[in-house]
Peer 1: 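Structure below; questions to follow.
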There are 2 protein chains.
Amino acid sequence: MQMAVSKHMNDLLEKGGDWYQPGLSLDCVIFGFHENQLKVLLLKMLSVEPWALPGGFIRKDEHIDDAATRVLRERTGLQDIFLKQFAIFGDPARSDRKYHQARFRKEGFSVDKNNWLLQRFVTVGYYALVEFSHVIPNPDNSSIACEWHDLHSIRELYMDHKVILDKALETLQHELNHQPIGYNLLPQKFTMPELQKLYETILDKKLDRRNFQRRMTSYGILRKLNETRKGGAHKAPYLYSFDVRKYQKALKEGLQGGW
Amino acid sequence: MQMAVSKHMNDLLEKGGDWYQPGLSLDCVIFGFHENQLKVLLLKMLSVEPWALPGGFIRKDEHIDDAATRVLRERTGLQDIFLKQFAIFGDPARSDRKYHQARFRKEGFSVDKNNWLLQRFVTVGYYALVEFSHVIPNPDNSSIACEWHDLHSIRELYMDHKVILDKALETLQHELNHQPIGYNLLPQKFTMPELQKLYETILDKKLDRRNFQRRMTSYGILRKLNETRKGGAHKAPYLYSFDVRKYQKALKEGLQGGW
DNA sequence: TATCATTGTGTCAGTTCGACGCAATGCCAT
DNA sequence: ATGGCATTGCGTCGAACTGACACAATGATA
C-alpha cells in the first residue's frame, strides 16, 4: 500500500508535467445525506495532517467537467453523478511551494523547485450530490483513507479546502430552488420528514413541518406512494418519490418562494 | 498604430510564456446601460472578423480577480468596478491551434507549434457592471477598436465568446436579487421608469409599472429625491438614488420575491 | 391496552400579489 | 394660452399565499 503510494507519487512528479494541463487542478465537495445529517467525503493523505477534498488534475485534452466526473467515479464508484462547477480559486498564495516541498521531503522525495507540481496552481471547485448508500468510498493513489465526515463538524482542511467547502455550501443554499437537491441526495423512496430534514440541514434553520409539507406538495413534483416507512418508534410516515419529469420542469423556472 | 500592435504581439508570443500563468486566460463581459438598453463592451481585433470579449492573461504571481480588475481598468478607464467571476470554460476544443496559427500567419508571424499561445487554454469568465457614461472605451494592444454593442443584437463572437456572454446574462438574471445591479449600472440619480426598464431588459420581459414601483419602494433601499427629470416629452418623473447602506443589507438576505 | 411522540390534515387571520382605475403632470400642437 | 395626450404617482380590490397553530390518527412501546 505505502509502496503503491510512493510509486504513484514518483510517476506524478516525473511525468505529470507531460500528462496534465499545467497549473490547473480541481477539487470536489461531495455531499451525501445520512442519518439526517449532511456529509462530505474527505481524503486523508500520507504525512499531511488535515483531511482534504478529493481532487485531481486535468489531462491535456480532457474537458474539465470530464476530469471531475473521473475523479468522482474513482472516489465513489458512481457513474452517473450530479456534478456542478461552482467557483475557481485563483489566489497565488494558495500554492505554497515551501509547504509542498517540505511535505514531499517528509515522504522521501527530493523535488526540484522547478517541478511542475511546485508551481502555482489554480483550482476549479465542483460540488456533487450523491446518494449516500450507493457510495463505496475509495482512497486514491496518494491517500490512505477516504471517509464521510459530518459537514457541521469539519473545522480544518488541507490548504484552502475549508474555504472551498464553505463556498460550496453557500452555493448549495443559494441554488436550492434551481438544483435537484432532493432527487440526488435522497434514496428513491423517502418520507416527508426526511426531505424536510435535508432542507433544514442545508439551510441550517428549522422549518415548520406543516407549512413545509403544504409547500412541497403544492409544487406537484412529488408522488405519494401507498406505502409507509414502518420501524420508526412512532406513526409511520408515507413514502414519496419524485416525479422526475415534473421536477425537472419546475426547476427550469426555479421552485417558487424563498426560505 | 498597426506597428504597436505588431510589436506587442511579437513580445507576447516570445515572452508571454515567462510572464503568464500557462494555459489560463480570462474574459470579461462588461455590461452597461444606456438609452434604456443593455450594452456590452466588445473589441475588434486585427484580422479576426467577429468581435471579441475583452480578455487577458494572468501574471504568474497575480490573483485572477486582480488580473480581471486590471483588464477592466485598461479597457474602460474605471478604477472601482463591480466584477464577479461566474464560470470557467474548460472544453479542450475551445482552443483551436490551427485556427490561431492561421490567424498569426495572416498577421505576418510564423509561430512554432509549441509556442505557449497555441497550447490549450482554459478561460475564466467575469462579468462587470459599469456606469455607461463613466466609461472611456480603450482598445488594447492587440485590438483596433473597442465599442459598446447592443446586447440583444449580438449574433456572433470570436471563438466561444458568445457562449460566455450567454452564460453571463443567465447568471445576471439568476443573481438579480443578490447583486447590486441597479447601483452599478445606473447613474447616481435615476427615475423609477429607468430602473424598471433596466430590470425589464435584463429579464427580457415586461413588468407592471405600478406593481414594480410598489415592490421597489417596499424594499426600503431607495431614497426619493425632491427633484424631477425635466425634458422628457411627458410628466416629469421623480429622481431616486440608492440608500447604499440599506441596499447592501437587503442584498445579503437577497431581495424577496421572484420575477 | 394505555401512553406518547410523531405524522396527516385543516383552519384562520394577516399579508402579499396581480390587475386595473383615476387623477396629476408637463410637453406640444394649435 | 390652452386643450390634447402620453406618461407618471398613487390607490383599490379580490384572489392567492403565508405563518402560526389546533386536533385527530397512527404505531411502537411499556
Side-chain angles (χ1 to χ4, degrees), chain A residues 35-37 176-177 182 186-187 189-201 203-243 250 253-259, chain B residues 35-37 176-177 182 186-187 189-201 203-243 250 253-259:
Chain A
E35 291 177 342
N36 281 342
Q37 298 223 289
L176 200 50
N177 284 351
L186 293 174
K189 297 176 181 181
F190 54 91
T191 67
M192 194 59 79
E194 283 164 3
L195 182 60
Q196 181 181 343
K197 200 75 195 155
L198 172 59
Y199 272 74
E200 289 183 339
T201 312
L203 293 167
D204 203 15
K205 144 202 300 200
K206 278 218 132 334
L207 301 171
D208 182 277
R209 178 176 68 83
R210 293 150 288 190
N211 295 334
F212 179 82
Q213 167 128 358
R214 179 175 49 191
R215 183 163 164 184
M216 273 298 153
T217 50
S218 79
Y219 288 143
I221 59 175
L222 296 179
R223 221 195 300 272
K224 187 174 181 175
L225 306 178
N226 244 333
E227 309 172 58
T228 53
R229 163 102 75 228
K230 312 263 182 181
H234 306 288
K235 175 168 178 176
Y238 280 99
L239 286 170
Y240 290 83
S241 67
F242 283 101
D243 184 328
E253 295 296 306
L255 301 180
Q256 291 310 305
W259 300 95
Chain B
E35 291 176 342
N36 283 343
Q37 297 223 291
L176 200 51
N177 284 351
L186 292 175
K189 297 175 180 181
F190 54 91
T191 67
M192 193 59 79
E194 284 165 3
L195 182 60
Q196 182 180 341
K197 200 73 196 157
L198 172 59
Y199 272 75
E200 289 184 339
T201 311
L203 294 166
D204 203 15
K205 139 200 306 198
K206 280 217 130 331
L207 302 171
D208 182 277
R209 181 175 65 85
R210 293 149 289 192
N211 295 334
F212 180 83
Q213 168 128 358
R214 178 175 49 189
R215 183 162 162 185
M216 272 298 153
T217 50
S218 80
Y219 287 144
I221 59 175
L222 295 180
R223 222 195 297 274
K224 186 175 180 174
L225 306 179
N226 244 332
E227 309 172 60
T228 54
R229 161 103 74 227
K230 310 263 179 180
H234 306 289
K235 174 167 178 177
Y238 280 101
L239 286 169
Y240 290 83
S241 68
F242 283 103
D243 184 327
E253 295 295 308
L255 302 180
Q256 291 310 304
W259 300 94

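All heavy atoms count here, side chains included; hydrogens, waters and symmetry mates do not. In what follows, chains carry the letters A, B, and so on, assigned in the order in which the sequence lines appear, proteins first and then strands, with residues in each chain numbered from 1.
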Peer 1: Please give, in whole Å, the distance from dT7(C) C1' to L195(A) CG?
Peer 2: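 From L195(A) CG to dT7(C) C1': 15 Å.
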
Peer 1: Using a 4.5 Å cut-off on heavy atoms from C-beta on, say whether the side chain of F190(B) contacts that of L198(B).
Peer 2: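 No, every pair of side-chain atoms sits at 4.5 Å or beyond.
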
Peer 1: In whole Å, I'd like the distance from the CZ atom of R229(A) to the C1' atom of dG8(C).
Peer 2: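 In whole Å, dG8(C) C1' and R229(A) CZ are 17 Å from each other.
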
Peer 1: Determine whether a donor-acceptor pair (N or O, by modelled atom type, separation under 3.5 Å) exists between the side chain of K224(B) and the backbone of S241(B).
Peer 2: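 Looks like no, no N/O pair under 3.5 Å.
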
Peer 1: Checking all strands, does R214(A) fall into the base, sugar-phosphate, or nothing category for heavy-atom contacts under 4.0 angstrom?
Peer 2: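 Answer is base: heavy atoms of R214(A) come under 4.0 Å of a base.
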
Peer 1: Sub-3.5 Å donor-acceptor pair from the side chain of R215(A) to the main-chain atoms of G257(A), do we have one?
Peer 2: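 Here the side-chain-to-backbone pair exists.
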
Peer 1: Just the rounded figure in Å: distance from P of dA22(D) to CG of N211(A).
Peer 2: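 After rounding, the gap between these two atoms is 13 Å.
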
Peer 1: Can we say E200(A) and K197(A) salt-bridge, meaning some charged N sits less than 4.0 Å from an Asp/Glu carboxylate O?
Peer 2: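 Result for this pair is yes, salt bridge flagged.
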
Peer 1: Could you state the atom-to-atom distance from CG of L207(B) to C1' of dA19(C) in whole Å?
Peer 2: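 Distance check: L207(B) CG to dA19(C) C1' gives 14 Å.
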
Peer 1: How many whole angstroms separate atom CD of E227(A) from atom P of dT7(C)?
Peer 2: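 Going from CD in E227(A) over to P in dT7(C) covers 18 Å.
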
Peer 1: Closer to the 5' end of DNA chain C via nearest nucleotide, is it R210(B) or G258(B)?
Peer 2: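 Checking each residue's closest nucleotide, the 5'-ward one belongs to G258(B).
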
Peer 1: So, is K224(B) near the phosphate of dC10(D), with a side-chain N or O under 4.0 Å from OP1 or OP2?
Peer 2: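 Checking dC10(D) against K224(B), a side-chain N or O does come within under 4.0 Å of OP1 or OP2.
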
Peer 1: Find the distance W259(B):CH2 to dT16(C):C1' and express it as a whole number of Å.
Peer 2: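 Going from CH2 in W259(B) over to C1' in dT16(C) covers 14 Å.
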
Peer 1: Atom CZ of R215(B) to atom C1' of dA19(C): distance rounded to whole Å?
Peer 2: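 Between C1' of dA19(C) and CZ of R215(B): 16 Å.
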
Peer 1: May I have the distance from K206(B) (atom NZ) to dA19(C) (atom P), rounded to whole angstrom?
Peer 2: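 My rounded result for the distance is 14 Å.
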
Peer 1: Do the side chain of E194(A) and the main chain of T191(A) share a donor and acceptor less than 3.5 angstrom apart?
Peer 2: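 Such a contact is found between E194(A) side chain and T191(A) backbone.
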
Peer 1: Starting at the 5' end of DNA chain D and moving along, which residue's nearest nucleotide shows up first, Y238(B) or D208(A)?
Peer 2: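 Its nearest nucleotide being more 5', the pick is Y238(B).
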
Peer 1: Does the base of dA20(D) carry an N or O that pairs as donor and acceptor with the side chain of R209(A) under 3.5 Å?
Peer 2: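 When only heavy-atom distances are counted, R209(A) does not reach the base of dA20(D) through any donor-acceptor pair under 3.5 Å.
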
Peer 1: Provide the closest heavy-atom pair for L222(A) versus M216(A) in the form atom of the first, atom of the second, distance.
Peer 2: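 Shortest heavy-atom contact: CD1-CB, 4.1 Å.
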
Peer 1: Any protein N or O atoms within reach of nucleotides 27-30 of chain D? Criterion: under 3.5 Å, listing atom names and distances.
Peer 2:
none

Peer 1: Q213(A) side chain N/O closer than 4.0 Å to the phosphate oxygens (OP1, OP2) of dG8(C)?
Peer 2: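 Result: yes.
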
Peer 1: Within the supplied structure, the quantity of interest is the number of heavy atoms (other residues, nucleotides, ligands) at a distance under 6.0 Å from F212(A) CZ; does it exceed 12?
Peer 2: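 Yes, CZ of F212(A) has more than 12 neighbouring heavy atoms, counting only those of other groups under 6.0 Å.
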
Peer 1: Between Q256(A) and Y240(B), which has a closest nucleotide on DNA chain D that is more 5'?
Peer 2: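 Of the two residues, Y240(B) wins.
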
